[in-house]
Amino acid sequence: MPHLSVNPSSKPNCSTVWLISVLLGLLAVHTNANDVLTVPQQVSLSTNMDSQQLSISWLAGAATTFDLMILRTELNESVFYETVSVMVSQLSGRHEWNWTSVEPLQCTSLSIKIRSREGQSTSEWSNTEILQGSDLPSEEKCQMFPPDRVVPVGANTTFCCIVKEGKQFGTINYGNTVMNTTRLSRRSYATTVVNQGLSGSSGTNLVCYNSFKEIEIGAVVFVGYPPLPSDFLCETHDLTSAVCLWNERRNTNLYKTRGSRYMLNNRTFTLSWSRNPKKEYRVDHWEVNWTLVVVNPLGQYSLTDSAELSHRVTPVAPENLTSVAHATNATVLWQWKYDGYSSLALVCQVELTSQGYKTNHTFSGVGLRAVVLPDLYPYEDYSVQVRCGAQQNFWKWGSWSETMSFKTSSIVPEAPDMWVWMNKDYTGQVIWKPLTGRQSRGLMTGYEVTLWSPGESLQHTEILPPDTFAVPVNLTQMATASSDNMVMATVTAKNTEGVSLPASVLIPLRLTDADPRAVSQAVYTDSGFSLFWQSDVNTTCSYVIEWHNASCKWNCPVDWIKVAPGNTNVSIESANFQPGVRYNFSLYSSSSEAPELLQRWQGYMQELVPSSPVLSLLTTQEDSDILLTWGQIPLVSRRGFLLGYNIYISSGSQLTLLANLSDPGSRSYTVNGLSEGSYKFTVKAYTSAGEDTGATASIMLEPFTDWLILEILASLGVTALFLVIVTFLCYKKRKWVKKAFYPDIPEPKLPGDWSRSQAPLDVKPPHHSLVHMVERPEWDSSKEALVVIPEEDEDEDGQGIGDELVDTDEPTSLRYYNQVVDERPIRPRYPDSSDSSASSLDSARTDVTYTGIQTSGSSFVFQLDPQGSSEGHQPQADPSFCAGGGGGYRPQMQSRVPSDDTGPASPNPFPEPQAASGYKPQSSWQMDSPVDDGEGRSRASSLGSPTSIASTQFLLPDGEDHTEEKRQPSSSAATWLTNLLSSTKP
Amino acid sequence: MADLEQDEQREQTEQSPALDSPLPGPTQTGRAVSIARLLHHECGLLLQLYKEKESFLSSYSPDGGRMVSPSPVPQEEASGEQQVERLHAALRQCLGLLHSVLLKEEEEWGEQEEDYETLKKNVRHRLEHLLLSTRGLLEGPDTTLEVTPDHQGTEEPDGAGGLFGLKVWTYRVLLELHHWADHAAETLHVFHMERGGAADL
């Protein structure tokens with residue numbers, strides 16, 4: 001823009017002139033510019049409603065750049081406003097520009113105006129041209145645009161609904177979907193459907209509802225594909241016309257008026273609607289070049305083909321097939337629809353079907369219309385169909401003819417496949433396999449079986465019906481009547497055409513039980529039992545392999561196959577094989593002589609666990625062992641090769657494996673090392689498939705009485721021997737024993753008057769003296785006395801005191817007090833090593849001073865029995881005995897207590913005196929007494945006990961010792977022992 | 001469908017001697033009532049099937065009058081024969097509409113779903129059969145009734161409505177068929193009662 005500036009310092013006149021000049025100049029420039037930019041004139045509009053295209057043309061001189069503005073007239077909304085470059089059309093001399101609207105052009109009125117532009121300069125806008133929409137008030141009815149649109153899959157389409165005058169817009173539904181809408185005018189609303197999917201056969205509905213949810217108007221949109229044909233070619237069947245074929249690779253989803261239209265070499269044609277994608281169209285005359293164009297509303301597709309007629313011959317199907325059948329061949333004849341085929345070189349394929357199997361035979365010839373089919377089976381049903389092609393420039397096979405059936409004629413049957421089963425005697429059966437349909441070659445009428453002895457001309461023939469395949473034979477008579485070693489069995493089959501050739505087997509009459517062939521194990525595989533054998537290269541005989549259930553022994557239903565010479569292996573498969581069944585296979589040589597057994601096998605198709613356990617499981621006790629024995633499982637129950645046995649012992653529900661016997665021939669097992677009790681054993685045989693359920697037997701293991709008796713006898717013998725030895729030793733050492741246990745007690749010697757002496761009475765005791773203390777229950781202290789019993793009064797039998805300890809020491813001087821000296825309480829006296837009376841026992845009333853008590857060592861040992869010392873109820877160290885002289889000789893007192901003692905047996909019995917008195921033997925003996933412990937027991941136990949005193953002392957009974965005892969603390973047995981030992985010192 | 005066809009065959013077999021009878025009896029009228037009721041049932045099925053096919057029609061309620069309008073006869077003065085005759089005329093117009101539907105649908109859509117096509121054909125045959133029956137009820141020495149489709153006076157689809165209009169029009173035709181089949185069953189039942197037929201058909 002020109003820039004104006006005023007300088008106040010300039011002179012007014014010059015400045016004014018200069019300013020006017022500038023303004024005039026600017027005005028002139030502007031006027032010139034307006035003259036160049038022509039305002040567009042004669043704006044014209046034309047529309048293509050289907051393509052929604054608006055064509056605008058105008059006159060604008062030489063201008064090439066224009067501003068275009070398109071507004072929705074009613075709402076004055078800008079739809080398009082851009083600067084475009086438009087050249088003048090040479091044809092019309094006008095500027096022309098096309099604009100495609102998103103919405104259908106009928107949706108609402110559009111205002112269009114244009115102005116020229118050159119750089120930043122523009123002309124005035126042209127007059128506004130209005131494209132009238134269908135929403136004008138004058139058109140009151142409801143409308144929807146576009147009404148019936150065909151669009152490709154995936155397209156986006158904008159629809160608009162113009163509601164009826166006076167109604168309010170509601171919604172627009174596409175199918176069942178409520179769409180978002182845009183208001184275009186007072187009555188017009190638009191919606192855009194994006195990425196449209198295939199519509200149904202009658203299209204997809206677009207429905208416009210008013211505010212009352214009533215249907216105002218609707219439209220139908222069809223969504224499909226453009227055509228896509230393929231595999232276009234033309235061929236001829238009649239050698240004149242053409243049949244053009246193609247495939248519709250894709251269903252366009254458009255039908256009828258919107259469906260595909262076709263043009264072949266610019267000739268339009270229609271095809272009846274069909275779901276089959278394979279299309280064809282026939283043209284009367286062959287043309288070398290062919291062009292197919294397929295068109296639908298969404299697009300078009302063209303294909304071409306080019307070929308000579310002779311290269312595109314596809315013969316029609318042969319017609320009217322007939323046949324002339326014989327036993328092993330047949331002639332098939334047919335006719336051609338077109339005469340032109342008579343000179344056409346043809347190659348024909350004959351498909352022969354019999355028993356479900358198809359075979360193809362190919363023949364050729366000019367105008368071929370008959371062929372001979374060789375190598376047919378007699379009495380067989382066949383069906384046949386034929387198709388042909390051009391032998392030269394073969395294009396493709398023609399269509400198959402209709403199927404024609406025929407049956408070949410019958411002839412005599414084949415010789416049956418026979419075999420002989422012989423039992424261990426001269427009985428058996430002749431068996432043969434049923435002839436198949438093809439082997440019978442006609443309607444079977446029966447079989448003829450002949451047994452004959454070639455040398456003796458003995459013959460026996462039997463006619464059998466056609467459903468018989470075995471006949472029993474008894475060769476006993478022939479064996480006795482014939483001198484031959486062989487009998488020949490012959491079987492022939494008969495049908496309506498005659499008798500077959502005979503099949504025969506030689507049967508040896510001298511049967512032997514010897515079976516020299518070892519039995520091998522046959523393994524079953526997917527192809528059956530695989531059998532192998534050694535072949536003698538010099539022999540040319542064939543083989544027969546026979547098999548049967550191994551558990552069958554008599555007239556067994558055998559099966560067999562024949563093996564050609566030279567083979568050394570075969571796989572035997574049969575539908576009759578059963579799992580768990582043992583089969584015997586025998587290989588025979590098949591020659592002019594009788595069959596010779598070459599090899600044998602046994603095998604299972606599938607081994608199973610035995611179906612029954614071992615038989616007769618028995619348990620037997622052998623000494624302290626248990627012997628298990630059992631019988632073998634029957635063959636039919638084994639169901640596999642036995643590999644061994646497992647021996648289990650059961651405890652509750654648990655089975656514990658005792659042993660695994662891998663020898664299948666085992667029949668027994670010995671269980672060792674079991675103690676007495678009840679046992680249950682289970683024996684399970686096993687095959688490769690596993691164990692059977694097992695047989696169980698129980699046994700109660702009794703003590704082994706013989707051994708017990710032997711043990712008792714042995715113990716008794718040893719005891720007796722010991723006693724004998726002891727007796728013998730005692731006898732041999734009787735003097736020593738006597739001396740040790742029964743020393744002679746010298747009589748007491750009483751020299752002088754000792755009764756009055758107040759001094760201690762020194763007495764030299766006799767060598768042996770026996771002191772008896774007399775005691776009665778009603779003992780009274782006033783009657784206390786010591787009675788010296790002469791030695792000769794001793795019981796030599798060991799009764800009474802005679803068993804008591806004997807002092808074997810030399811007699812020592814005893815100091816006797818001639819009377820009871822005082823009534824002092826008992827005071828303890830402890831052994832004095834220097835005094836012989838140190839171990840004397842004080843009595844409550846009597847002081848007895850021991851000058852010595854000599855006791856044999858053995859007696860001590862006996863006294864010092866640890867048991868005695870440890871017995872609680874026999875205290876060994878009662879201090880009362882140590883202090884009280886009255887208790888010093890209690891054993892005698894106790895021994896005198898009668899069994900009916902009731903008086904003195906106080907409830908508080910005496911404590912055991914041994915500890916202090918040093919008289920252990922009684923105590924020890926008492927230990928072994930079976931009577932109860934306690935005082936009473938002590939006393940009772942003294943009765944009859946062996947008591948021996950080897951003493952020179954006088955012992956005073958003590959009736960109050962218990963009082964003294966209470967005053968004395970207890971002492972240990974060691975103290976007692978020490979006292980005793982001290983007292984025995986010389 | 002198989003049951004319907006069997007019924008139809010049985011009815012046709014039974015109908016043939018009745019049509020030859022000079023005077024309509026209860027047996028003829030009863031059979032006509034049965035055919036009308038069967039037609040009504042099948043029209044209902046066809047209507048339902050079409051609504052399922054064009055689901056927007058479930059919210060459509062036609063605001064126009066009857067598409068089929070036979071010449072009016074005052075109800076109180078009309079005899080039974082006149083009522084049946086009026087019914088016969090209406091059924092002919094219905095057949096004309098149905099033929100138009102079949103034709104236009106074939107032009108626009110081609111062969112559609114099998115069950116829909118089968119049911120359309122059954123209704124057409126049933127309607128033709130009913131026309132034969134009503135003619136048999138009315139035909140006498142002085143009257144000759146047509147059984148061909150009557151296209152006069154029937155409303156054709158509005159071409160401006162496009163295919164959407166065709167669908168709406170087809171729906172209205174099916175509604176009309178359903179209505180007149182029901183009306184036929186009622187009218188023929190009354191006629192059957194007048195002729196001494198049993199009420200509990």
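Letters A, B, ... are given to chains in the order of the sequence lines, protein chains preceding strands, and every chain is numbered from 1. It should be emphasised that the depicted structure is a prediction, and the values quoted were computed from it without experimental measurement. Scope of the values below: all heavy atoms of this structure, side chains included, with no hydrogens, waters or symmetry mates.
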Side chains of A:Ile215 and B:Phe56, heavy atoms from C-beta outward: is any pair under 4.5 Å?
yes
Sorted by chain and number, sequence neighbours left out, salt bridge (charged side-chain N to carboxylate O under 4.0 Å, His left out) with A:Lys141 holds for none
Under 3.5 Å, is there a donor-acceptor pair between the side chain of A:Arg258 and the main chain of B:Glu108?
yes
Over all heavy atoms of both residues, which pair between B:Lys167 and A:Ser202 is shortest? Give the atoms and the distance, please.
NZ-O, 2.7 Å
Shortest non-hydrogen separation from A:Val220 to B:Phe164 and the atoms involved:
CG2-N, 3.5 Å
Looking at A:Tyr301, I want to see if its OH is surrounded by more than 12 non-hydrogen atoms of other residues, nucleotides or ligands under 6.0 Å.
no
Listed by number, the residues in residues 93-105 of chain B that come under 4.5 Å of chain A (heavy atom to heavy atom) are none
Contacting moiety of A:Asn176, where chain B heavy atoms sit under 4.5 Å
side chain
Could you work out, with salt bridge (charged side-chain N to carboxylate O under 4.0 Å, His left out) as the rule, every residue matching A:Arg275, not counting sequence neighbours?
none
Would you call A:Phe222 and B:Leu163 a side-chain contact if the rule is heavy atoms closer than 4.5 Å?
yes
List the residues meeting salt bridge (charged side-chain N to carboxylate O under 4.0 Å, His left out) with B:Glu106, not counting sequence neighbours, and say none if there are none.
A:Lys256
Given the options B:Gln112, B:Lys53, B:Glu54, B:Glu111, which has more heavy-atom pairs under 4.5 Å with chain A than any of the others?
B:Glu54
Once rounded to the nearest 0.5 Å, what's the spacing between atom OG of B:Ser59 and atom CD of A:Glu214?
9.5 Å
Is the count of non-hydrogen atoms from other residues, nucleotides or ligands lying under 6.0 Å from A:Gln168 atom CD greater than 12?
no
Step through the shown structure and confirm whether more than 12 heavy atoms of other residues, nucleotides or ligands are within 6.0 Å of CG on A:Asn266.
no
With a 4.5 Å cut-off on heavy-atom pairs, point out which of A:Thr257, A:Asn205, A:Leu206 contacts chain B the most.
A:Asn205
